[in-house]
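Okay, structure first, notes after.
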There are 2 protein chains.
Amino acid sequence: MEETPTSRAERRRRTEERILSAARTVFAERGFERATIRAIASMAEVDPALVMQYFGSKQELFDQAVRIPAIPPLNGALDELVEELLARVVIKIGPIPQASLAMMRSMLTHPEAAEGVRARLDEQVGQLGAAIPARDAELRAALMISTMLGVTIAHQLLDLTALRDVPADRLAKIVRPALVALTGPDAAAEES
Amino acid sequence: MEETPTSRAERRRRTEERILSAARTVFAERGFERATIRAIASMAEVDPALVMQYFGSKQELFDQAVRIPAIPPLNGALDELVEELLARVVIKIGPIPQASLAMMRSMLTHPEAAEGVRARLDEQVGQLGAAIPARDAELRAALMISTMLGVTIAHQLLDLTALRDVPADRLAKIVRPALVALTGPDAAAEES
DNA sequence: GTCTATATAAAGATAGAC
DNA sequence: GTCTATCTTTATATAGAC
């Protein structure tokens with residue numbers, strides 16, 4: 001028998017996606033520990049037991065929910081990389097992916113999330129460091145990433161008063177010189 | 001009857017202090033949610049029930065444990081403030097207070113901790129902003145604070161590979177120009 | 001005053017009815 | 001295949017023995 005567009009498999013896939021979407025929202029808002037299967041199921045309008053049936057455990061649900069589709073590599077010329085960093089976390093304010101938020105929200109208290117974030121940031125540090133000609137390239141790259149991390153946390157998660165309702169371009173305009181300063185003197189200028 | 005140096009009140013005070021110290025350690029390591037009264041009591045070598053007896057609730061224990069004695073105000077000339085910021089979070093790496101760590105560890109998942117951190121950072125932003133002559137003073141101050149927050153989190157809580165075992169003066173030397181860049185052009189240079 | 005024992009609550013996980 | 005009902009665990013909080 002040919003399967004219709006809304007076959008069992010298709011229906012199941014949609015239900016799973018609805019659960020994953022709800023999970024991202026709840027994990028992003030409350031973090032791993034305070035998020036409950038019940039709350040996620042409620043938001044997805046399914047039975048809590050179904051969530052367990054599909055994903056097996058809360059941890060497994062978290063893993064699948066925060067899995068980010070692609071890991072866009074950081075490469076190119078240094079000044080392009082600075083713009084790319086700004087675009088990712090400052091310009092792109094608003095549509096910051098729920099999955100990233102969920103990961104960040106949980107990273108300080110949930111060991112698995114911490115490990116995931118560290119691995120991803122270490123990777124970005126490596127890519128960025130490769131484009132920095134100054135000495136201490138990796139260290140400089142790590143501090144650039146740390147800066148963007150701090151701005152994102154202060155803005156998106158802590159909601160600092162002074163960062164509320166600030167247009168993206170104003171943020172970018174002020175942060176850019178700081179990032180450039182972190183890249184250090186260019187190779188030609190290094191004569192010490 | 002005169003009380004000896006180890007009177008009941010004195011013994012109680014010492015026990016309380018031991019519990020608070022253990023609480024700071026456990027809250028700093030695991031965050032509010034994952035920290036348990038049992039673990040804190042065990043570390044302090046007292047009975048779990050005694051902790052409740054003394055502090056009433058886990059939340060109250062947290063409040064008292066993370067209460068930071070003094071709130072040193074940020075004031076002075078701008079270049080001194082930059083040095084003060086560097087001293088507080090970069091140079092002073094190592095003896096960063098357990099209470100601050102506990103607060104930061106919990107700030108993304110525990111609403112009370114988030115509120116406490118936001119209030120404190122907002123306050124620092126105000127003090128720092130008052131010393132910045134450029135336009136967007138508060139915004140610049142907030143971004144400076146965010147930068148230091150990011151470096152602290154990446155270093156102390158996430159343990160980024162590239163930031164491990166880096167001498168404080170090397171960190172400070174690289175971060176300083178970024179902070180200065182965030183302070184913006186001085187008043188004389190602003191002619192637009 | 002300190003600790004043993006227990007009450008209470010919440011949430012993850014499972015078994016079985018439909 | 002989906003959901004009702006329950007089991008089990010864990011941790012906060014309390015009551016009462018010593």
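Below, read A as the first sequence line, B as the second, and so on, with proteins coming before strands; counting in each chain starts at 1. The structure displayed is predicted, hence computed values, not measured ones.
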**OP:** Could you list the residues that satisfy side-chain hydrogen bond (donor to acceptor under 3.5 Å, both in side chains) with Glu84(B), not counting sequence neighbours?
**Re:** Arg88(B)
**OP:** Specify the separation, in whole Å, of atom CD1 of Ile40(B) and atom C1' of dT10(D).
**Re:** 15 Å
Original post:
Atom CD of Glu45(B) and atom C1' of dC3(C): how far apart are they, to the nearest Å?
Top reply: 16 Å
Original post:
Just how far, in rounded Å, is C1' of dG1(D) from CZ of Arg14(A)?
Top reply: 18 Å
**OP:** Starting at atom CZ of Arg12(B), determine the distance to atom P of dT2(C), rounded to an integer number of angstrom.
**Re:** 8 Å
**OP:** Establish, with yes or no, whether the OP1 or OP2 oxygen of dG1(D) is under 4.0 angstrom from a side-chain nitrogen or oxygen of Tyr54(A).
**Re:** no
Original post:
Glu60(B) CD to dT14(D) P: how many Å, rounded?
Top reply: 13 Å
Subject >> Atom pair distance, as rounded to whole Å: CZ in Phe55(B) and C1' in dT14(D) >> reply: 18 Å
Subject >> Sequence neighbours excluded, every pair satisfying ring pair (Phe, Tyr, Trp, His ring centres under 6.0 Å) that has a member inside residues 33-58 of chain B >> reply: none
**OP:** Can you sort out the partners of Glu60(B) under side-chain hydrogen bond (donor to acceptor under 3.5 Å, both in side chains), two or more places apart, ordered by chain and number?
**Re:** Gln64(B)
Report, one line per pair, each donor and acceptor closer than 3.5 Å where one atom sits in a side chain of residues 25-32 of chain A; sequence neighbours left out.
{"residue": "Thr25(A)", "atom": "OG1", "partner": "Ser21(A)", "partner atom": "O", "Å": "3.2"}
{"residue": "Thr25(A)", "atom": "OG1", "partner": "Gln98(A)", "partner atom": "NE2", "Å": "3.3"}

Original post:
Please give, in whole Å, the distance from dG1(D) P to Arg11(A) CZ?
Top reply: 12 Å
Original post:
What string of B, S and - do you get for nucleotides 11-18 of chain C 5' to 3' if you count protein non-hydrogen atoms under 4.0 Å?
Top reply: BBSB----
**OP:** Please identify each residue that fulfils side-chain hydrogen bond (donor to acceptor under 3.5 Å, both in side chains) with Arg18(B), with sequence neighbours left out.
**Re:** none
**OP:** Decide whether His110(A) and Glu33(B) meet the rule of one side-chain donor and one side-chain acceptor closer than 3.5 Å.
**Re:** no
